[in-house]
Amino acid sequence: GLIYDNDLTVKPGHLNVGSGTSPTLMDNRFVAIVDNDTSMVNICIFSQKTGKLINRFPLFSKDSSACENSIIAYKNTFIVANTFGYVDPFGENITPGGVMRFDYDEDKGEFVRMENWPAYDDPLDAKTATPKLSTASGMVYLYDTDAGGGPTPYADWQISTLDFRTGIRLFSIK
C-alpha cells in the first residue's frame, strides 16, 4: 500500500484522522484518493487495472492543505478543492482555499496540473460542499465564500460557477 507521513492528528478541515477522501473512479482506467499526509495532502492517482501509482501531486500549501470532499472526475480531468480550516459554517473559518485541476496527457501517459485553473489570482475558497460539474452546461458549481468578505464570518456564503474548460468564474449568487 501507499505509505505517507501521518502523525494521526486531525487537521482543520478534516472530520477525522482517516485517509482523506473516498476513492474516485475515472471510467475503468484510474482511481484517485487524496491522502492524509501530515504536512501537505496529495492526490494519488492509480491505474485501476494494475494498481500502479501513475501520479502523486502535493496539493495546495504546506501546513494548509486538507481534503474531505470527493474529487470531480470527468473524461480526462480530476478537480479537487481544499477544505483546510473549515470547521463551522456559523463561526470564523479562516482558510487558505484553493481548487486544483489535473488532466491526463495521453501522449505522456500521465496526469499534469493545469496551471492558471481557476483563471484568477485569488485562491477560490470552496471549503464546504463537494464541487459539482454539470456536463450539460459545462459549469463547475462550488459553495464558497466571497473573497471580498462580508460584515461577519458567515454572511458571505455563495454559490459560484466556473467554466469547466477555462476556469473563469461565470457568476456567483449569495
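Counting from 1, the numbers follow the sequence of the chain as shown.
- Rounding to the nearest 0.5 angstrom, the gap separating the OG atom in Ser70 from the CD1 atom in Ile79 is 13.5 Å.
- The backbone N or O of Cys44 lies less than 3.5 Å from no partner atom in the side chain of Asn42, so there is not a single donor-acceptor pair.
- Here the two rings, on Phe111 and Phe30, have centers that are under 6.0 Å apart.
- Atom CZ of Phe57 is separated from atom CE of Met100 by 9.5 Å, given to the nearest 0.5 angstrom.
- For Asn76, the side chain to side chain donor-acceptor pair (under 3.5 Å) criterion is met by Arg29, Glu106, not counting sequence neighbours.
- Pairing each heavy atom of Thr24 with each of Ile71, the nearest pair is CG2-O, 3.3 Å.
- Side-chain contact annotation: Ser39 with Asp63, donor-acceptor N/O pair under 3.5 Å absent.
- Judged by distance alone, the side chain of Gln48 and the main-chain N or O of Asp27 form a donor-acceptor pair under 3.5 Å.
- In terms of heavy-atom proximity, Ala73 sits nearest to Phe78 at CB-CE2, 3.7 Å.
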Note to self: Working note: Ser65 + Asn82, criterion side-chain hydrogen bond (donor to acceptor under 3.5 Å, both in side chains); need CA distance, chi angles, decisive distance, verdict.
What the structure shows: CA-CA 6 Å; Ser65 67; Asn82 191 2; 5.7 Å; no
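- A distance-only check finds no donor-acceptor pair linking the side chain of Asn116 to the backbone of Ala119 [under 3.5 Å].
- Both Leu25 and Leu53 belong to a common hydrophobic cluster when Ile, Leu, Val, Met, Phe, Trp and Tyr are linked at side-chain heavy-atom distances under 4.5 angstrom.
- In the model, Ser61 has no side-chain atom that pairs as donor or acceptor with a side-chain atom of Ser64 under 3.5 Å.
- Under a hydrophobic-cluster definition in which Ile, Leu, Val, Met, Phe, Trp and Tyr are linked whenever side-chain heavy atoms come within less than 4.5 Å, directly or via other members, Val112 and Tyr74 are assigned to the same cluster.
- Summarising the local packing, CG of Leu170 is surrounded by more than 12 heavy atoms from other residues, nucleotides or ligands at distances under 6.0 Å.
- With values rounded to the nearest 0.5 angstrom, Asn55 atom CG is found 12.0 Å from Ser47 atom OG.
- Both cation-pi conditions hold for Arg101 and Phe164: the charged atom is under 6.0 angstrom from the six-membered ring centre and inside a 45 degree cone around its axis.
- A salt bridge links Asp35 with Arg56: the distance from a Lys NZ or Arg NE/NH1/NH2 to an Asp or Glu carboxylate oxygen falls below 4.0 Å.
- Atom-to-atom distance recorded for Lys132:NZ and Ile159:CD1 is 11.0 Å, nearest 0.5 angstrom.
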